[in-house]
Amino acid sequence: MWPANSNVKCPPDSAEAATSTEKASHLCVLETERLVLRRMTTDDAEFILKLVNEPSFIRFIGDKGVRNHADAVQYIQTGPVASYQRFGFGLYLVELKESRVPIGMCGLVKRDSLPDVDVGFTFLPAFWSKGYAFEAAVAVKAYGTNVLGIGRLVAITNPDNESSIKLLEKIGLRFERMIRLSEDASEIKLFASDV
Ligand SMILES: CC(C)(COP(=O)(O)OP(=O)(O)OC[C@H]1O[C@@H](n2cnc3c(N)ncnc32)[C@H](O)[C@@H]1OP(=O)(O)O)[C@@H](O)C(=O)NCCC(=O)NCCS
C-alpha cells in the first residue's frame, strides 16, 4: 500500500496521537538518511519566527510580516496547515533525524498565481553547505512524483539566487522561462521537471 521508496518510511498520518513521540510519528511525512520532514503545527511557531526573519529568507523569498509568536502561529495556520487541508501537501518542517533539531522548511506549494505545484525550501544559514537542502528536496520531489502522482513539478527563484538555482539543477529541474507572479512583480526564473 505504502510505496517501497527508500525516502518514504513514515506511516500515513491519520490517527489521533497521544504522546509527543506518537505525535511526531503521526506528523511525519518523509524520512531520509539524516532528516525527518513532518507536518508543521502551531507548536513550531518559535522556530518559524526565527526562520522567516533570516535576512536570506527576506531577501530571496520575501518579508512575510511575521514579527512575533502570534504572527508565526497565524502564518503556520494560514500557510502550511491550510495547504495540508486543502491539497494534502504543503511546506514541511525539516528536522535532523538524530536530535530532532529543526533546521528549515521544504515541501510542495500550490499557489493561485501558478498553474503547477512548486518545490520550495529554506534553511537556517547554520545548516547550509551540508547537503541537507539537497537531501530534503530530492525526497520531496520523489514524493511529489511517485506518491502524489504530480506529473510536472516546477520551482521559482530570483535570477540572482545562485544557491537555489544550483540546488534546483542538482535535483533535476531545468530552467524553462522567465515569469512574473503578478503584473507588477519582478521577473523570476521558472524551473520545471519536464523541460
Ligand atoms: C537555497 C538553500 C536552501 C541552499 O542550501 P545549501 O545548503 O547551499 O544547499 P545544498 O543542501 O544543496 O548544499 C550544497 C552544498 O553542501 C555541500 N555538501 C556537504 N555535504 C554534502 C552532502 N552530504 N551531500 C550533498 N552536498 C553536500 C555541497 O558540496 C555544496 O557545497 P557548495 O555550495 O560549496 O557547492 C539555502 O541557501 C537557503 O536556505 N537560502 C535562503 C532561502 C532561499 O533562498 N530559498 C530558495 C528560494 S527559491
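Each residue takes its place number in the sequence, starting with 1. These numbers come from the heavy atoms of this one structure, side chains and all, not from hydrogens, waters or symmetry mates. In listed order, ligands and their atoms are each counted from 1. Bear in mind the structure is a predicted one, so any value in this text is a computation, not a measurement.
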* Step by step, would you call Y84 with Y92 a ring-ring contact (aromatic ring centres under 6.0 Å, His included)? -> CA-CA 10 Å; Y84 309 146; Y92 303 117; 5.7 Å; yes
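Placement of I48 and V101 within a single hydrophobic cluster is found when ILVMFWY residues are connected by side-chain heavy-atom separations under 4.5 Å, directly or transitively.
The list of salt bridge (charged side-chain N to carboxylate O under 4.0 Å, His left out) pairs with a residue in residues 64-74, not counting sequence neighbours, reads D63-R67.
In this structure, ligand 1 sits under 4.0 Å from heavy atoms belonging to R34, S56, F60, I61, F121, T122, F123, W128, S129, K130, G131, Y132, A133, F134, I156, T157, N161, S163, S164, K166, L167, K170.
Put simply, the side chain of S83 gets close to the backbone of F89: a donor and an acceptor are under 3.5 Å apart. Formation of a donor-acceptor pair under 3.5 Å by the T145 side chain with backbone atoms of K141 is found in this model.
Residues I165 and K189 meet the side-chain proximity criterion, which asks for heavy atoms closer than 4.5 Å.
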